[in-house]
2 protein chains.
Amino acid sequence: MDLSIHCQSCSFSHLCLPVSLDQAALQSLDDIIERKKTLQKHDVLIESQRPFKSLYAVRSGSLKSFVTTSDGQEQIVGFHLPGDLIGFDAINSKVHPSSSVALETSMVCEVPFVTLEDVANRFPKLRSQIMHCMSDQIKQGNELMMLLNKRKADERLLYFLTQLSQRFAERGFSDKQFNLSMTRNEIGNYLGLTVETISRLLTRFQKDQLIKVDGKLIQILDYPTMLAKAQGVHNEIVFLRA
Amino acid sequence: MDLSIHCQSCSFSHLCLPVSLDQAALQSLDDIIERKKTLQKHDVLIESQRPFKSLYAVRSGSLKSFVTTSDGQEQIVGFHLPGDLIGFDAINSKVHPSSSVALETSMVCEVPFVTLEDVANRFPKLRSQIMHCMSDQIKQGNELMMLLNKRKADERLLYFLTQLSQRFAERGFSDKQFNLSMTRNEIGNYLGLTVETISRLLTRFQKDQLIKVDGKLIQILDYPTMLAKAQGVHNEIVFLRA
DNA sequence: CGCGCCTTTGAGAGAGTTCAACTAACGTGG
DNA sequence: CCACGTTAGTTGAACTCTCTCAAAGGCGCG
């Protein structure tokens, strides 16, 4: 019995490379993908400075990617959920500028890049899809830049939580209750804040009845208000009565 | 006489789509490019929310790209110099998420995207080059995220100036003396700082003999020190004598 | 069951913002 | 060509958000 899962039956194919591919293209893509063994928490998928050979697609679990600063600190540049593709930042330099590490037990598919290019040459839809994924990542990066430059700590964290909720929903998970696979330290690192600030804000959000926090478990109580505050809408201004 | 300039003779082709294309591919690319008329300062090249039709390559001058926040502020996400490509963030959504405006008199080449895809299907090298450009933009975005999250105001501005200097050098311009086409307000907006902070820092850098400032004109006096400080190297630590 | 890492909470400090006033440069129309 | 309004830049002083430092509690894993 074939235990390995194929793109054709993967429940996250709607978020991944297979989007809008026909059967033939999908089969060709599936043929070149190497299923990797499971990663345990803290296992390194990509080590920065290593030569770029493959992209990786997350099948289950979650990972973080980070660049290392000249003074040795890490800066997290992304959290990856099932269906996400990792490694686009390495295509140009042929060397990975960032590292990727599993945040929990995870599975990934390895997509050898030169082979992917061959298949992409035969199937324009696949080439197109790769570009769409990269375009989206550039767009997300721009929005993140806005967040870091213009938003206060509470707005950043609310953005993070609402975005995570949305991403879970897209993947068929609950968007109202989920586990954070990253530590508060890692959330702070990503958002340009300290652990202490993240911790204080989470307790404050709980007091304000926006969420319920139980360690890693987050329950979303008032999504609309969270979304509004995440976008910098201050309710004092919204007292425009009918 | 044909006054329009072609990719074949463009002095910035080494930074743009033509990189590593053979004659046939280059000609095909050149054929689809529409030379746009000159943009004056403040002219809008791309207005956000408009449908995505084309990428643009900067031929001369400079532009800024920015996203607009929910509360109407602008967040600058990039400054573009000759050879840069604009519009990659729109490929996925087919709508421009950001606007682009000329900072001075500038010329751009319009590259209709569907036509570009056709040509890219025939010339794998071109397809590859597009992905390389996008990959580089993702990588730059990650580095910028590190800058905004981990670096102090002076380090951010020094990074900005040294990077600008490098980009000018790549384009055959002087890397030791150049004009800023953006205002201090725009620099601050990009770096997540205020005008006042930028102004104060520039005067401080001048006092410290790192640069000479005369309005928009910047002279680099001590590039090595600037580069070191831009990367967060504090010279107090570097007193490791032989 | 003990050690390490993660998290929480408090108090004080600091980098950069905000507010305000002033100067300089620009260009537009009289 | 000058007066004027507008935008850009500089500088000072007070404030504030978040960081830093410190200490204690809790969870999980060997």
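Lettering follows sequence order; numbering is per chain, from 1.
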**Prompt:** So, the side chain of A:Arg171 versus the backbone of A:Gly83: is there a donor-acceptor pair under 3.5 Å, distance only?
**Reply:** no
**Request:** May I ask you to list the residues of residues 193-200 of chain A, by number, that have any heavy atom positioned under 4.0 Å from an atom of DNA chain D?
**Result:** A:Leu193, A:Thr194, A:Glu196, A:Thr197, A:Arg200
**Message:** Using C1' atoms of five pairs at each end, report the bend of the helix from C:dC1-D:dG30 to C:dG30-D:dC1 rounded to 10 degrees.
**Reply:** 40°
**Message:** Using a heavy-atom cut-off of 4.0 Å across all strands, would you classify A:Gly188 as base, sugar-phosphate, or nothing?
**Reply:** nothing
**Message:** Under 4.0 Å from a heavy atom of chain A: give me the 5'-most and 3'-most nucleotides of DNA chain C that qualify.
**Reply:** C:dT7 to C:dA11
**Asked** Under 3.5 Å, is there a donor-acceptor pair between the side chain of B:Glu186 and the main chain of B:Thr183?
**Response** yes
**Message:** Whether the side chain of A:Thr69 engages the backbone of A:Gln73 through a donor-acceptor N/O pair (distance < 3.5 Å, no angle test) should be reported.
**Reply:** yes
**Asked** Going by atom types only, do B:Ser99 and B:Glu47 share a side-chain donor-acceptor pair under 3.5 Å?
**Response** no
**Prompt:** Under 3.5 Å, is there a donor-acceptor pair between the side chain of B:Asn189 and the main chain of B:Ile76?
**Reply:** yes
**Asked** Is the Lys NZ or Arg CZ of A:Lys207 less than 6.0 Å from the centre of A:Phe205's six-membered ring, within 45° of the axis?
**Response** no
**Asked** What are the residues of residues 149-164 of chain A, sorted by number, that bring a heavy atom to within less than 4.0 Å of DNA chain D?
**Response** A:Lys152, A:Ala153
**Fill in**
Here the distance between atom C1' of D:dC19 and atom CZ of A:Arg184, to the nearest Å, is 19 Å
**Message:** Tell me which pairs pass side-chain hydrogen bond (donor to acceptor under 3.5 Å, both in side chains) where either residue lies in residues 150-166 of chain A, with sequence neighbours left out.
**Reply:** A:Lys150-B:Gln75, A:Arg151-B:Ser70, A:Arg151-B:Asp71, A:Asp154-A:Arg204, A:Tyr159-A:Gln163, A:Gln166-A:Tyr223
**Request:** For DNA chain C, determine which residues of residues 204-217 of chain A have any heavy atom closer than 4.0 angstrom to one of its atoms, and list them numerically.
**Result:** A:Lys216
**Message:** Taking B:Asn92's backbone N and O only, do any of them form a donor-acceptor pair with A:Ser135's side chain (distance below 3.5 Å, no angle check)?
**Reply:** yes
**Message:** Distance check needed: D:dG9 P versus B:Asn189 CG, whole Å only.
**Reply:** 13 Å
**Complete:** With A:His80 as partner, the option from A:Ser106, A:Ser100, A:Ser65, A:Ser62 fulfilling side chain to side chain donor-acceptor pair (under 3.5 Å) is A:Ser65
**Message:** Using a 3.5 Å distance criterion without hydrogens, assess whether the side chain of A:Asp43 forms a donor-acceptor pair with backbone atoms of A:Gln40.
**Reply:** yes
**Request:** Please find out if less than 6.0 Å separates the ring center of A:Phe178 from that of A:Phe173.
**Result:** no
**Asked** Is A:Cys109 close to A:Ile33 at the side-chain level, that is, under 4.5 Å between some pair of heavy atoms?
**Response** yes
**Item:** Side-chain donor or acceptor of A:Asp84 paired with backbone N/O of A:Leu81 under 3.5 Å
**Value:** yes
